[in-house]
Amino acid sequence: MYGRIKDDLQRELAGIRERGLYKEERQILTPQAADIRVVYPDGDPPRQVLNFCANNYLGLSSHPKVIEAAHDALKTHGYGMSSVRFICGTQDIHKELEQKISTFLGTDDTILYVACFDANGGLFEPLLGADDAIITDQLNHASIIDGIRMCKAKRSIYLNNDMADLEQKLKETSGARYRMIATDGAFSMDGTVAQVDKICDLADKYDAIVMVDDSHCTGFMGKTGRGSAEHCGAMGRVDVITSTLGKALGGSSGGFTAGRQEIIDMLRQRSRPYLFSNTVSPIVIKSTIAVIDLLSRSTDLRDKLESNTTRFRSGMVQAGFDIKPGEHPIVPIMLYNAKLAQDIARDLYAEGVYVVGFFFPVVAKGLARIRVQLSAGHETSHIDRAIDAFAKIGAKYEILGKGKEEIIERYGA
Ligand SMILES: *Cc1c(COP(=O)(O)O)cnc(C)c1O
């Protein structure tokens, strides 16, 4: 009898709208790329815009080599497997990709999942139990939080990227049988890279193992794109790396866990999203093989992304914006006020630059921002156009050269 719950859901949905938190989806009418056509649900005509809000870090979402590999996969390996891995869902190419990822990252082995969300969801429970503890960064991704919830180990949360607090939490959990430190490789709202080397030092000192979710790093952070561990000079020290195929590595879907042999072997026996969910499509597998081959041969794409990031970051500082410093292609333009972030994003869209404002509850109250994401798919002309558009709109709102206090004084937090 669909009655009471219908009324309650309607009321709750109305509440979400009233608080300005209702998420509307805009439609892209082209392949995912640096230059796209977008339509809003409000009936405005579609607009050609430069895309600065995708996770398409290496510009591979619509790369000719990736598309060609997808076509090839359909011919050689079909469309779907209609099975989980351990019944009849493993092809030669699934094993080949696992091997290639292991070689690329320098790990013993790799296990594929249909999403990194599942890799994290199925990681903790098979390895740790009630006698153990997971020490987890405050800003870790929702899928790590959920994965930890499904595991009986005690949870201890440390302040974001705070090594003194991590050490304190390691001391407090000394009674546990095993301990795992869990962190994002890069934090998605700030573009901060985790201090993986220091985390590994602490893990050595306190006899813990280390898990890093490198979804926002694999393929481009570090001199050869191996991720946050390479960026921090800690290659080979991280015990478990989870990551996604849905961002830099082609942007379709899929994820994996790579790491120590016994850990991966145990996940194949006990990890529920792996055991009870269908195999990754051969299309995704062959395309990702093409991506890993491409990234193993040359660092051109991550080098281009790095120079794009430097160009954008220094251009925005020169224009007078308050950005969070760093080296990651995630660049937070700090605006502090939620309405200001939304207004500026909307004005930029009218200028042909597609970016999104983020505010509470996605980031802390009073820390609203526009998050820009650079891509190797951007040309320098795209980046310069974006900086010019930002400068024009920043001047309109009189925020150029203004710091946190002045912006908050004028617009509120
Ligand atoms: C995007 C992301 C995920 C989810 O990846 P999917 O493969 O899309 O499920 C998990 N963890 C982190 C840190 C992410 O940024």
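Just follow the structure's listing: the first ligand is 1, and inside any ligand the first atom is 1.
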Centroid separation F52 to H382 less than 6.0 Å: no
Suppose we measure from atom 5 (O) of ligand 1 to each protein heavy atom; which comes out shortest, and what is that distance? C116 CB, 3.3 Å
Looking at R237 and D204, does any basic side-chain N land under 4.0 Å from a carboxylate oxygen? yes
What protein heavy atom sits nearest atom 1 (C) of ligand 1, and how far off is it? K247 NZ, 1.5 Å
Between E18 and R11, does any NZ, NE, NH1 or NH2 come within less than 4.0 Å of an OD or OE carboxylate oxygen? no
Those atoms of ligand 1 less than 4.0 Å from some heavy atom in H216: 15 (O)
Below 4.0 angstrom from a heavy atom of D184, which ligand 1 atoms are there? Numbered from 1 as shown, please. 13 (C)
Is the F256 to Y113 ring centre distance short of 6.0 Å? no
Decide, yes or no, whether a salt bridge links K154 with E172 under the criterion of side-chain N to carboxylate O below 4.0 Å. no
The criterion is side-chain contact (heavy atoms from CB on, under 4.5 Å); which residues satisfy it with D108, sequence neighbours excluded? R260, Q261
Quick check on G254 - does any of its heavy atoms sit under 4.0 Å from an atom of ligand 1? yes
Among all protein heavy atoms, pick out the one at the shortest distance from atom 11 (N) of ligand 1; state its residue, atom name and that distance to 0.1 Å. D213 OD2, 2.6 Å
Let me have the donor-acceptor pairs involving side chains of residues 39-49, under 3.5 Å, with sequence neighbours excluded, atom names and distances please.
from: D42; atom 1: OD1; to: D44; atom 2: N; distance (Å): 3.0
from: R47; atom 1: NH1; to: A350; atom 2: O; distance (Å): 3.3
from: Q48; atom 1: NE2; to: D35; atom 2: OD1; distance (Å): 3.2

Going by the 4.0 angstrom heavy-atom rule, the piece of S215 near ligand 1 is side chain
If you measure from each non-hydrogen atom of S143 to ligand 1, which part falls under 4.0 Å: side chain, backbone, both or neither? side chain
For ligand 1, which atoms have a heavy atom of T244 less than 4.0 angstrom away? 5 (O), 6 (P), 7 (O), 8 (O)
